[in-house]
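Atoms considered below: every heavy atom in the structure, side chains included; atoms not considered: hydrogens, waters and symmetry mates.
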Amino acid sequence: MINIILAVLFVIVNEFYGLNLVMVFEEERLKKLAENELPKIRVYRKRLVQCLGFVFFIGNSKVKIFISVIGYFLYKRDYFRMIKKERELKEAIHYAFPIWIRTIQCLLQNNTVVSAVSLSLKFVPEVLRNDLEYLLVRLEAAPESLSSYEEFMSEHKNIEIQKMMKHLYRYSRSGSKDSADAMFRMVDHASIWMGDVRTEKQSAIISSFSWLGIIPVASVSIFFVLIMFFVMVQMFEGGWV
């Protein structure tokens, strides 16, 4: 009876103060990624804590252990989902960025860096659009600022992007001869990058189907095991000769 009263009190207290006690994500990058979903995640975790807490109070020791294990994974469900979403976002950016750089290289033939970035927004992959719009605002305000280039998408910690933005900055600050050298380095770097990205993507596609090769081997193994089983059954039924 006492356990039931405690369980009810826990649910009541959690109903009024649960949202303030629920931690969603400690990492700022995950908070930013799940910005539109944070209220929904908070409510989900609050209800989950209420249900699990109620069962925890009235259950026996085995139920408590089971609830603790299951509750941990259910509570962390959105964290694992955001980690996966972050990884997929980084992969999409890594694939799309060299494509955008190739567009910039074409536009730089007849435009300044700021104009090229502005014109490239018509063709940019959606995964880069928000960051490039912010970059354009900073470049229009301070075209010669190195920090605008260095801080572009820095939260993703992609070394290739940082290198390419430094090449782009050198191009914007160089004379005619130096700018040609900077352009050559950009083209060369982008070509290698795109080749590596395509190779990685093809390898990932092939790997996703590699498990199909196990099916024939597994089927043959199961077939031989069944044959051996039936032979043994026949031998025991007929007796030893």
Side-chain angles (χ1 to χ4, degrees), residues 24-39 41 81-202 204:
V24 181
F25 302 119
E26 295 181 1
E27 299 87 344
E28 288 298 326
R29 69 182 198 283
L30 297 183
K31 287 182 180 179
K32 183 179 179 181
L33 195 62
E35 186 175 2
N36 297 329
E37 302 182 44
L38 286 180
I41 294 174
R81 185 167 58 87
M82 287 301 141
I83 290 293
K84 180 181 177 182
K85 187 176 180 180
E86 181 187 37
R87 184 176 66 251
E88 292 174 347
L89 176 63
K90 287 183 177 181
E91 290 175 355
I93 290 173
H94 191 72
Y95 181 79
F97 190 83
I99 298 175
W100 173 75
I101 280 293
R102 278 300 181 89
T103 304
I104 286 291
Q105 290 169 356
C106 295
L107 293 172
L108 285 175
Q109 303 299 321
N110 300 302
N111 299 277
T112 63
V113 171
V114 177
S115 299
V117 172
S118 178
L119 292 171
S120 70
L121 290 176
K122 300 177 182 178
F123 317 102
V124 67
E126 285 299 321
V127 71
L128 303 176
R129 183 173 297 279
N130 291 336
D131 292 285
L132 285 174
E133 288 176 348
Y134 181 63
L135 173 65
L136 180 60
V137 171
R138 295 191 63 178
L139 290 179
E140 289 176 341
E144 300 179 357
S145 174
L146 174 60
S147 61
S148 300
Y149 295 86
E150 288 181 333
E151 295 171 7
F152 176 69
M153 305 187 81
S154 58
E155 67 274 13
H156 298 293
K157 295 180 174 59
N158 189 310
I159 297 176
E160 299 297 330
I161 292 178
Q162 295 172 1
K163 288 180 180 178
M164 196 63 71
M165 294 307 294
K166 287 180 180 178
H167 287 321
L168 192 60
Y169 174 75
R170 292 192 188 101
Y171 177 87
S172 68
R173 301 293 299 151
S174 302
S176 57
K177 182 179 182 302
D178 293 334
S179 63
D181 294 337
M183 175 61 73
F184 176 78
R185 287 194 294 270
M186 284 178 60
V187 171
D188 186 53
H189 194 165
S191 299
I192 296 173
W193 187 354
M194 290 188 71
D196 292 341
V197 166
R198 287 171 179 170
T199 302
E200 291 172 3
K201 197 170 186 66
Q202 290 172 354

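- If you take CD on E133 and CG on L135, they are separated by 11.0 Å, rounding to the nearest 0.5 Å.
- With rounding to the nearest 0.5 Å, the separation of CD1 in I101 from CG in L108 is 8.5 Å.
- Minimum interatomic distance between A116 and L107 (heavy atoms only, all atoms of both residues): O-CD1, 3.3 Å.
- To the nearest 0.5 Å, atom OH of residue Y169 and atom OG of residue S147 are 9.0 Å apart.
- Within the model, atoms OG of S172 and CG of L146 stand 9.0 Å from one another, a figure rounded to the nearest 0.5 Å.
- When side chains are defined from C-beta on, Y149 counts as touching V113, because their heavy atoms get closer than 4.5 Å.
- Using a distance-only test at 3.5 Å, with no hydrogens or angles considered, no donor-acceptor pair links the side chain of S118 to the main chain of S115.
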- Message: For R87 and K84: C-alpha separation, side-chain torsions, deciding distance, then whether side-chain contact (heavy atoms from CB on, under 4.5 Å) applies.
- Response: CA-CA 5 Å; R87 184 176 66 251; K84 180 181 177 182; 3.6 Å; yes

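- In terms of heavy-atom proximity, L121 sits nearest to R129 at O-NH1, 2.9 Å.
- Side-chain atoms of M165 and Q162, non-hydrogen and from C-beta on, never get closer than 4.5 Å to each other.
- Atom CG of L119 is separated from atom SG of C106 by 12.0 Å, given to the nearest 0.5 angstrom.
- For the pair K85 and E88, the salt-bridge criterion is not met [side-chain N within less than 4.0 Å of a carboxylate O].
- Between M153 and I93, some side-chain heavy-atom pair lies under the 4.5 Å cut-off.
- Here the side chains of E151 and R138 are in contact, with some heavy-atom distance below 4.5 Å.
- When side chains are defined from C-beta on, F97 does not count as touching E160, because their heavy atoms never get closer than 4.5 Å.
- The two residues S148 and L139 come nearest to each other via the heavy atoms CB-CD2, 4.0 Å.
- Partners of N158 by side-chain hydrogen bond (donor to acceptor under 3.5 Å, both in side chains), not counting sequence neighbours, listed by chain and number: H94.
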